[in-house]
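Down below is the structure, laid out as structure tokens.
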Amino acid sequence: MAKRGYIVTGTDTDVGKTVFAAGLAAALNADYWKPAQAGTDGGTDSERVARLAPGVTVLPEAYCLATPCSPHEAARIDGVEIALERLALPQTDKMLVVEGAGGVLVPYRMDVLAADIFAHWGLPAILVARTALGTINHTLLSIEALRARGVAVAGVAFIGEEEPVAEQAIVEIGKVEHLGRLPILDPLDADGLARAFAVSIRTDMLA
Ligand SMILES: Nc1ncnc2c1ncn2[C@@H]1O[C@H](COP(=O)(O)OP(=O)(O)OP(=O)(O)O)[C@@H](O)[C@H]1O
Ligand SMILES: [Mg+2]
């Protein structure tokens with residue numbers, strides 16, 4: 001079982017967890033693991049990480065489910081029962097970056113939410129949040145839900161345009177570390193991500 005690493009979770013689906021996790025795994029020389037992929041048609045998060053962080057070892061998913069929806073429903077559609085034993089952290093001597101599906105209270109089963117699994121793993125979580133309007137509410141809610149389940153919050157990593165007022169409110173009210181802000185990259189490729197990560201994200205606080 002991996003002893004060190006981070007869970008990369010987010011305030012929502014599509015906030016930029018995969019892009020951030022790819023940059024983080026490359027920066028920390030960590031392995032990447034997506035325990036449960038829901039939705040395979042447009043490619044998987046593991047494939048995207050392999051492309052955005054070519055030096056990173058991508059460990060195989062425990063579950064690769066066809067439908068892009070909540071893992072509990074994607075599993076039901078595929079006729080699969082999600083077993084917690086299969087979601088045990090994989091073996092590695094390196095650090096591990098684990099990307100959760102969706103957000104903090106996403107069900108993997110009706111009786112098991114993402115944050116319950118995070119608590120069981122015992123790794124600190126990095127919360128990926130947009131800087132766009134609405135982020136204060138979503139981010140503070142997610143922080144509360146993580147802490148209520150005993151998950152340590154290593155900090156918030158923002159994605160998008162600088163929004164100092166919102167970022168400051170989250171840090172102060174949420175009593176949480178600001179791990180930096182990754183801008184929207186165009187083009188988005190491995191070299192550009194590594195460069196942006198090096199100047200934008202406080203990897204010194206995470207190594
Ligand atoms: N920093 C960035 N620069 C450019 N594009 C980005 C950035 N972050 C995210 N994106 C784009 O936004 C979309 C969503 O990002 P991403 O797949 O990382 O989200 P996610 O939170 O991992 O979603 P999911 O919940 O499906 O796992 C993708 O098309 C991705 O390429
Ligand atoms: Mg993702």
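One-based numbering, in listed order, for ligands and for the atoms of each.
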When you look for heavy atoms under 4.0 Å from ligand 1, do you find them on the side chain of D45, its backbone, both, or neither?
-> side chain
Looking at ligand 1, does any of its N/O atoms fall within less than 3.5 Å of an N/O of D12?
-> no
Atom 1 (N) of ligand 1 sits nearest the protein heavy atom P183 O, 3.0 Å
Is the Mg ion (ligand 2) less than 2.8 Å from at least one N/O/S atom of T18?
-> yes
Taking N or O atoms only and a 3.5 Å limit, does L185 qualify as a polar contact for ligand 1?
-> yes
Run the numbers on R86 and Y63 for side chain to side chain contact (heavy atoms under 4.5 Å, CB included), then give the verdict.
-> CA-CA 8 Å; R86 261 179 77 182; Y63 292 95; 3.5 Å; yes
Counting backbone and side-chain atoms alike, does E99 have an N/O/S atom under 2.8 Å from the Mg ion (ligand 2)?
-> yes
State the OG1-CD1 distance between T139 and I170, to the nearest 0.5 angstrom.
-> 4.0 Å
Looking only at distances, please establish whether an N/O atom of ligand 1 is found under 3.5 Å from an N/O atom of K17.
-> yes
side-chain hydrogen bond (donor to acceptor under 3.5 Å, both in side chains) partners of residues 43-55, not counting sequence neighbours, each pair once | T18-D45, K34-D45, D45-R48, S46-E61
Does atom 11 (C) of ligand 1 have any protein heavy atom closer than 4.0 Å?
-> no
How close does the nearest protein non-hydrogen atom get to atom 19 (O) of ligand 1, and which residue and atom is it?
-> G16 N, 3.1 Å
CZ of R4 to CG of L28, rounded to nearest 0.5 Å, is 9.0 Å
